[in-house]
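A quick write-up on the structure given underneath.
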Amino acid sequence: MLAAELWLLDPSGTWPIVAWTGLVTAALITIAWLAYQRTQASVSEYGIVERGFFGGTYTVAARDISGILRVELYRPNSLDTTHELFVVSRNGRGVFRMRGRFWNSATMDQLAEILGTEESVRSEPVTLAELRETDPHLLYWFERRSLTR
């Protein structure tokens, strides 16, 4: 954005616009980095406490968890798969998710042990569209809708 301003605007009298744009951009990047650094998930035998990117804290008690589902999910436009772990509540909704891009398998394996719940593993890899049809309640709201409809 700064490069476009420098290229399009007259350099003699528009330096305050470029300076303010630079300051606002730096402030937004700093705020986003701090929010990312504050995100965390804590798991114990009592449940899960998750602090999200936007600062909200979400707590799930262990008594509200019915099980853990492990799925191999195809990446978009690829034959490669990633490990996905879904913590499922008693009402059948996904309350916590661990993606293989961010979490390793050893950490995912520890989750069932710590929570003391049953773990089921799907034997065949699935696409996001198949998971959307079979278990839409596990996905985030933006994943439940297809752009190809």
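Only heavy atoms go into these numbers, but all of them, side chains included; no hydrogens, no water, no symmetry mates. The model shown is predicted, which means the values in this text are computed figures rather than measured ones. Here, residue 1 is the first one in the sequence, and each next residue gets the next number.
Qualifying side chain to side chain contact (heavy atoms under 4.5 Å, CB included) partners for Thr134, counting only residues two or more places apart in sequence or in other chains: Arg122, Leu131. Remark: Asn77 pairs with no residue by the side chain to side chain contact (heavy atoms under 4.5 Å, CB included) rule, at least two apart or across chains. Taking the side chain to side chain contact (heavy atoms under 4.5 Å, CB included) definition, one finds that Ala129 meets it with Thr127, Arg132, sequence neighbours left out. Evaluation of the salt bridge (charged side-chain N to carboxylate O under 4.0 Å, His left out) rule for Arg97 yields Glu84, Glu143 as partners, not counting sequence neighbours. Listed by chain and residue number, Tyr140 satisfy the ring pair (Phe, Tyr, Trp, His ring centres under 6.0 Å) test with Phe142 (two or more places apart in sequence, or in another chain). With sequence neighbours excluded, no residue satisfies side chain to side chain contact (heavy atoms under 4.5 Å, CB included) with Glu118.
More than 12 heavy atoms of other shown residues, nucleotides or ligands fall within 6.0 angstrom of atom CZ in Phe53. Heavy atoms of other residues, nucleotides or ligands lying less than 6.0 angstrom from CD of Glu133 number 12 at most. Open room surrounds CG on Leu79; 12 or fewer heavy atoms of other groups in view lie less than 6.0 Å from it.
Through direct or relayed side-chain contacts under 4.5 Å between Ile, Leu, Val, Met, Phe, Trp and Tyr, Leu28 connects to Val24.
When all heavy atoms of Thr21 and Thr25 are compared, the closest pair comes out as O-OG1, 2.8 Å. Taking all atoms of both residues into account, the shortest heavy-atom contact from Ser78 to Asp80 is OG-N, 2.9 Å.
Distance check, rounded to the nearest 0.5 Å: OG1 of Thr82 to CH2 of Trp103 gives 15.0 Å. A distance of 6.5 Å separates CG in Leu111 from CZ in Phe96, rounded to the nearest 0.5 Å. Distance check, rounded to the nearest 0.5 Å: CD1 of Ile48 to CG of Leu115 gives 5.0 Å.
Two different hydrophobic clusters hold Leu139 and Leu85 under the rule that ILVMFWY side chains link at heavy-atom gaps under 4.5 Å. Val60 and Ile114 fall within the same hydrophobic cluster, defined by Ile, Leu, Val, Met, Phe, Trp and Tyr side-chain heavy atoms under 4.5 Å apart, directly or through other members.
Sorted by first and then second residue, the side-chain hydrogen bond (donor to acceptor under 3.5 Å, both in side chains) pairs with a member in residues 33-61 form an empty list; sequence neighbours excluded.
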Can you give each donor-acceptor pair under 3.5 Å made by side-chain atoms of residues 87-95, sequence neighbours left out, with the distance rounded to 0.1 Å?
unit_1 : atom_1 : unit_2 : atom_2 : d
Ser89  : OG     : Asn91  : OD1    : 2.3
Ser89  : OG     : Arg93  : N      : 3.4
Ser89  : OG     : Arg93  : O      : 3.2
Arg90  : NE     : Arg63  : O      : 2.8
Arg90  : NH2    : Arg63  : O      : 3.3
Asn91  : OD1    : Arg93  : N      : 3.3

Side-chain donor/acceptor pairs under 3.5 Å, residues 67-74, sequence neighbours excluded:
unit_1 : atom_1 : unit_2 : atom_2 : d
Arg70  : NH1    : Asp109 : OD1    : 2.9
Arg70  : NH1    : Glu119 : OE2    : 2.9
Arg70  : NH2    : Asp109 : OD1    : 3.4
Glu72  : OE1    : Thr81  : OG1    : 2.8
Glu72  : OE2    : His83  : ND1    : 2.3

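When atom types are taken as modelled, the side chain of Arg144 and the backbone of Pro136 share a donor-acceptor pair closer than 3.5 angstrom.
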